[in-house]
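Down below is the structure, laid out as structure tokens.
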Amino acid sequence: MIAMTGGRIILEDREVTGKALLFDEKIRGLCGEEEASSLADEVLDVGGAWISPGLVDVHIHGFRGDDVSDADPDGIRRMAAALLENGVTSFLPTTMTVGWGILEKVFAILRPMMEESGQNDFRGARILGCHAEGPFINPARKGAQAEENILPPDADKILPWKDVIRMITYAPEMPGGIEFTRTLREKSGIVLSVGHTAADFDTAMAAVHAGAEHFTHTFNAMTPMSHRSPGVVGAALYSDAWCEMIADAFHVDKALFPIMYRVKGDRLCLITDCLRAGGLRDGEYILGGQAFDLKGIECRLKDGTIAGSVLTMNRAVRLFREHAGVSMWEAVRAASLSPARSIHEDGRRGSLSVGKDADITVFDDDLNIRETWVGGVRKYIS
């Protein structure tokens, strides 16, 4: 057993000092620092750093040159390894609205990789399944998705992959959308997420009542809220559903960070929506077969349409903490326990509670990652 000492430990609802975190492959609890050497086989002093649950990204397309929709298993492995540097211990590789044949190829690749990534010798963050962003979206709110690949909602296409797809983004107002919601709710554990949608408030709420429990990158690619037309944004804020937010202060203005937290609380999930350009220099890249330009933190298609981001999860936590005015534990919860709960993974990860997987990240006050542990194995050290 290992004891991690000398740090500020982030729990589900507070920060603790003067304690040691005990773990092997699982979290075993806390003890006084003076007891650590007698209880553990190894004592690691983190020198005042933060000891945090590993970050969980439920919406990420790519990083450092690789993209999930390339359907390249080695690329996904490289991506999983690189994410450790950002404190991510588990994630949902996220597809774009590409051709259905390509999507099925990605699902087939991810099926064995979910088990592979759970092994101690896997040098990357754990793959929890796939987030399929599309192809059942509304062309009117497609954003950077390719319109020629959009399909009408069809549960029969999805159900054979229900063991791989953990979340699907779709537009419930499209023909058959509400029935699609009910079918997947009844026949699978897939989390239904409303996004890339032109629905009105009533239709979005009908989807929630039918089984949708998540909203994809809230505010972006959905009908906005106004005083006479609450739209999908209004439904996201009004309902008890989980709300994703890209906290890069570009996709969503920083003034909305504290508002979102006051309204949604622990049902707010920070995501990156990161593209292959994440971690790379400015230039031209490809997203779902379409060229886009990266300039600073902005990713845009050639027509100026905003695409995904180059945000990292550790930077999302730092920006959210700064602009929402919350404590470190609250900012971390929005990037760990809340996203884990949103995909029903909180029994195993998302916090440093006893019995959960020892997914741990250690970082400094600026959220620079020092160490990342997955299942009690240190897989990254700076």
Side-chain angles (χ1 to χ4, degrees), residues 12 56-60 90-95 128-138 141 153-155 158-159 161-174 176-223 225 230-246 260-261 263-271 273 333-351:
E12 291 188 17
V56 181
D57 195 348
V58 298
H59 189 152
I60 176 168
S90 56
F91 71 112
L92 295 185
T94 305
T95 53
L128 303 179
C130 181
H131 177 172
E133 189 179 12
F136 311 131
I137 59 175
N138 192 321
R141 293 279 177 172
D154 185 348
I158 296 299
L159 287 172
W161 302 104
K162 65 181 180 181
D163 60 319
V164 177
I165 300 172
R166 297 296 299 274
M167 183 186 297
I168 187 164
T169 293
Y170 76 112
E173 74 278 12
M174 299 304 285
I178 297 300
E179 185 57 35
F180 173 84
T181 309
R182 294 195 186 99
T183 300
L184 287 191
R185 180 69 174 195
E186 293 170 3
K187 296 185 177 181
S188 77
I190 297 171
V191 175
L192 290 132
S193 189
V194 176
H196 286 279
T197 171
D200 58 17
F201 175 85
D202 290 339
T203 303
M205 287 305 301
V208 170
H209 294 147
E213 51 186 318
H214 198 98
F215 285 83
T216 297
H217 43 50
T218 310
F219 298 107
N220 300 118
M222 60 178 58
T223 45
M225 181 173 67
V232 174
V233 171
L237 301 183
Y238 176 77
S239 71
D240 289 332
W242 303 91
C243 285
E244 296 179 358
M245 187 174 74
I246 309 171
M260 281 293 287
Y261 188 66
V263 174
K264 297 304 298 188
D266 64 2
R267 299 186 85 78
L268 176 65
C269 303
L270 302 185
I271 61 163
D273 196 15
R333 182 180 64 180
S336 55
L337 184 58
S338 291
R341 281 179 171 161
S342 78
I343 59 170
H344 314 297
E345 276 282 335
D346 53 303
R348 292 195 60 179
R349 64 197 84 252
S351 72

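All values reported here derive from a predicted model rather than from experimental measurement. As a basis for the values below, the full set of heavy atoms in this structure was taken, side chains included, without hydrogen atoms, waters or symmetry mates.
- Residue I343 holds its CD1 atom at 7.0 Å from OG of S90, rounded to the nearest 0.5 Å.
- Contact detail for T94 and V58: the closest heavy-atom pair is OG1-O, 4.0 Å.
- In this structure the side chain of T218 never reaches within 4.5 angstrom of the side chain of K264, judged on heavy atoms.
- A distance of 8.5 Å separates NZ in K187 from NZ in K162, rounded to the nearest 0.5 Å.
- Under the ring pair (Phe, Tyr, Trp, His ring centres under 6.0 Å) criterion, F180 pairs with F136, Y170, sequence neighbours left out.
- Here the straight-line distance linking atom CG of L268 with atom CE of M260 works out to 5.0 Å at 0.5 Å rounding.
- Residues that satisfy the side chain to side chain contact (heavy atoms under 4.5 Å, CB included) test with A334, not counting sequence neighbours, are L270, F320.
- The side chain to side chain donor-acceptor pair (under 3.5 Å) test applied to T216 returns T169, S193, not counting sequence neighbours.
- In this view, T203 and E173, A199, D200 satisfy the side chain to side chain contact (heavy atoms under 4.5 Å, CB included) rule, not counting sequence neighbours.
- Interatomic distance, R166 CZ to L128 CG, rounded to the nearest 0.5 Å: 6.0 Å.
- I190 CD1 to L184 CG: the interatomic distance, rounded to the nearest 0.5 Å, is 5.0 Å.
- Of all the heavy atoms in R141 and M222, the pair that sits closest is NH1-O, 3.2 Å.
- Evaluation of the salt bridge (Lys or Arg N to Asp or Glu O under 4.0 Å) rule for R349 yields E345, D357, D359 as partners, not counting sequence neighbours.
- By the ring pair (Phe, Tyr, Trp, His ring centres under 6.0 Å) test, H59 is found to be paired with H61, H131, H217, residues two or more places apart in sequence or in another chain being considered.
- Counting all heavy atoms, side chain and backbone alike, P172 lies closest to A207 at CB-CB, 3.6 Å.
- The side chain to side chain contact (heavy atoms under 4.5 Å, CB included) check on D163 picks up R111, with sequence neighbours excluded.
- Residues satisfying the side chain to side chain donor-acceptor pair (under 3.5 Å) test with S336, not counting sequence neighbours, are none.
- A 4.5 Å side-chain heavy-atom check between I168 and L192 finds at least one atom pair inside the cut-off.
- Judged as a side chain to side chain contact (heavy atoms under 4.5 Å, CB included), and not counting sequence neighbours, the contacts of A206 are I178.
- Applying the side chain to side chain donor-acceptor pair (under 3.5 Å) test to N220 and every residue at least two apart in sequence or in another chain returns nothing.
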Just distance, no hydrogens or angles: give the donor-acceptor pairs under 3.5 Å from side chains in residues 234-243, sequence neighbours left out.
from : atom 1 : to   : atom 2 : distance (Å)
S239 : OG     : A235 : O      : 2.9
S239 : OG     : A241 : N      : 3.2

Checklist line | side chain to side chain donor-acceptor pair (under 3.5 Å) between E12 and S351, worked out | finding: CA-CA 6 Å; E12 291 188 17; S351 72; 3.1 Å; yes
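- With sequence neighbours left out, R185 forms a side chain to side chain donor-acceptor pair (under 3.5 Å) with E213.
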